[in-house]
Number of protein chains: 2
Amino acid sequence: MSNAQAPAPTSRREQILKEAARLFAERGFHGVGVDEIGAAVGISGPGLYRHFAGKDAMLAELLVGISERLLAGGRMRVAEGGEDPRAVLHALIDGHIDFALDDRPLITVHDRELDRLREADRKRVRQLQRQYVELWVEVVRRVHPGPSESQARAAVHAVFGLLNSTPHLGRPGSLPGRTEMAELLHRLALGAFGAVAGGPAEAPAAGGPVAAGA
Amino acid sequence: MSNAQAPAPTSRREQILKEAARLFAERGFHGVGVDEIGAAVGISGPGLYRHFAGKDAMLAELLVGISERLLAGGRMRVAEGGEDPRAVLHALIDGHIDFALDDRPLITVHDRELDRLREADRKRVRQLQRQYVELWVEVVRRVHPGPSESQARAAVHAVFGLLNSTPHLGRPGSLPGRTEMAELLHRLALGAFGAVAGGPAEAPAAGGPVAAGA
DNA sequence: CCTTCAGGTTAACGACCACTAACCCGGCTG
DNA sequence: CAGCCGGGTTAGTGGTCGTTAACCTGAAGG
């Protein structure tokens, strides 16, 4: 009620998308009514149709948008990373962590409501996702040349699951703060990737191969 | 009509629950109608109400059931594991992997539709989940005494995300078969846990900017 | 044989919900 | 100042869906 704040160029569309993402993440696409989305941004019900063709269109824009941003970010980091694949991998991980921690609702919706899209949009999202995965796979395989491509791909998927685990997290104080969490997730991801190569990997003693690098 | 197969004591209830789980996983709780669930088991629509009080009751039974089985399995493995916490951890991981690979739909529904439950059931499920997590946390901390409890808990959550990543997997042949997959997931989980201990409090110092910067 | 009863069936009802229709208003612009 | 128009509003509509009601049937069981 009190927040009539729109000082930033946060266009109405973006505001709606943000709230819709939050609500979709909380209660699922079908679980949220357009009236609720409207209420969340201070307008009510059908007013949304001045900005979107329908509820489906909101979901589509959310999913396509997030997929594009993820892929674009990934490509940027790969391009900036230069020669050292290890540094690129670090950058990819950090980028994904930022995303997972900052845009939690989007991440949730992202791998939850994909099937609610129209064929065309779904295909587009899947294609973007696939490209993002392949980006990672390439980098991972350069850092850890051992495993097969399908193993590397599975590992990348699994690490995504690991990094995206933040949404499912338990209640308040039982978990580290954001900075510590980011650092921890980074280490976990690196540890997982490190183990994909090794044989029946035994726990690497502290300071072991994981921390290698520089 | 054609499948009059009910040789096993697969009671109608169980059959319904299984199909409901699959459908809920595919299209979400709200996305599935009771008619579809009925059709999936050969009866139609309201016939389900001879077996369940309602759609919610099916979901509740699914979620409570899976949580109980997970916890029971975990406790069993801890009890059987004996002294060596490392062996127990291995057993916990393998058990969870079996679950993730065999009961994919249940896993999916499990961390997706929790909020659709009535208060009482939700509380029960959360309690079971929490106990399961704490089971892991204890074991992990015995294997890797370094990190704080909240770090260990976050790591356990993250590894759950990793192990539960199988549902989100891409299409057909691009991934390893079940045996290989189980082994790979096992290694990844171990690797992640191994890295949680990594630097006592500092980042792996791999020349990489771990801190979440801009 | 008549009854019971588990497990179905179809029809109908009521709630909800996405979307449309029709109207409204305040601020630019010519 | 006229008038367009972006962005709202409320009322209504058609469709879907969970649930209930009422009826049916075939297999025990006394």
From the candidates C/dA18, C/dT9, C/dG8, the one with an atom nearest any side-chain atom of B/S44 is C/dT9
Query raised in the report: Should the pair A/D102-A/R178 be classified as a salt bridge under the 4.0 Å nitrogen-to-oxygen rule?
Result: yes
To the nearest angstrom, the CG-C1' distance between A/D35 and C/dA15 comes to 14 Å
When A/A53 and A/G31 are each assigned the nearest nucleotide of DNA chain C, the 5'-most assignment goes to A/G31
Given the rule in the salt bridge (charged side-chain N to carboxylate O under 4.0 Å, His left out) test, do B/R22 and B/E19 qualify, once you have shown the distances and angles that lead to the verdict? CA-CA 5 Å; B/R22 184 178 56 80; B/E19 294 302 312; 2.7 Å; yes
| Contact class for B/G45 (heavy atom, under 4.0 Å): base, sugar-phosphate, or nothing? | nothing
Between NZ of B/K55 and P of C/dC16 the distance, given in whole Å, is 15 Å
So the ring-ring contact (aromatic ring centres under 6.0 Å, His included) pairs with at least one residue in residues 11-50 of chain A (sequence neighbours excluded) are A/F24-A/F29
| field | Under-4.0 Å side-chain N/O to phosphate OP1/OP2 contact, A/H51 with D/dG6 | value | no
B/L48 CG to C/dA6 C1', in whole Å, measures 15 Å
When rounded to whole Å, the CZ to C1' distance for the pair A/R13 and D/dG6 reads 14 Å
Atom NE2 of B/H30 and atom P of D/dC17 are separated, to the nearest Å, by 13 Å
Testing D/dA11, D/dA21, C/dA18 for proximity to the side chain of A/P46, the answer is D/dA11
Quick note, B/Y49 side chain, CB onward, closest among C/dT20, C/dT9, D/dT19 is D/dT19
From CE of B/M58 across to C1' of D/dG18 the rounded distance in Å is 10 Å
Between CZ of B/F52 and P of D/dT20 the distance, given in whole Å, is 15 Å
Exercise. Is any side-chain N or O of B/R50 closer than 4.0 Å to OP1 or OP2 of C/dC5?
Worked result: no
>> Strictly below 4.0 Å, N to O, side chains only: are A/K18 and A/E14 in salt-bridge contact?
In response: no
Notebook entry, point to check: Does B/R12 make a side-chain N or O approach to OP1 or OP2 of C/dG8 shorter than 4.0 Å?
Noted result: yes
| said: What verdict does the side-chain contact (heavy atoms from CB on, under 4.5 Å) test give for A/R126 and A/K123, after you've listed the backbone C-alpha separation in whole Å, the side-chain angles of each residue and the deciding distance to 0.1 Å? | reply: CA-CA 5 Å; A/R126 273 211 232 268; A/K123 255 179 110 171; 5.8 Å; no
| request: Could you check whether A/V41 gets within reach of a base, just the sugar-phosphate, or nothing at all, counting any heavy atom under 4.0 Å? | output: nothing
When rounded to whole Å, the CZ to P distance for the pair B/R118 and D/dG18 reads 17 Å
Mind checking A/G47 for me? I need base, sugar-phosphate or nothing, with any heavy atom below 4.0 Å counting as a touch.
base
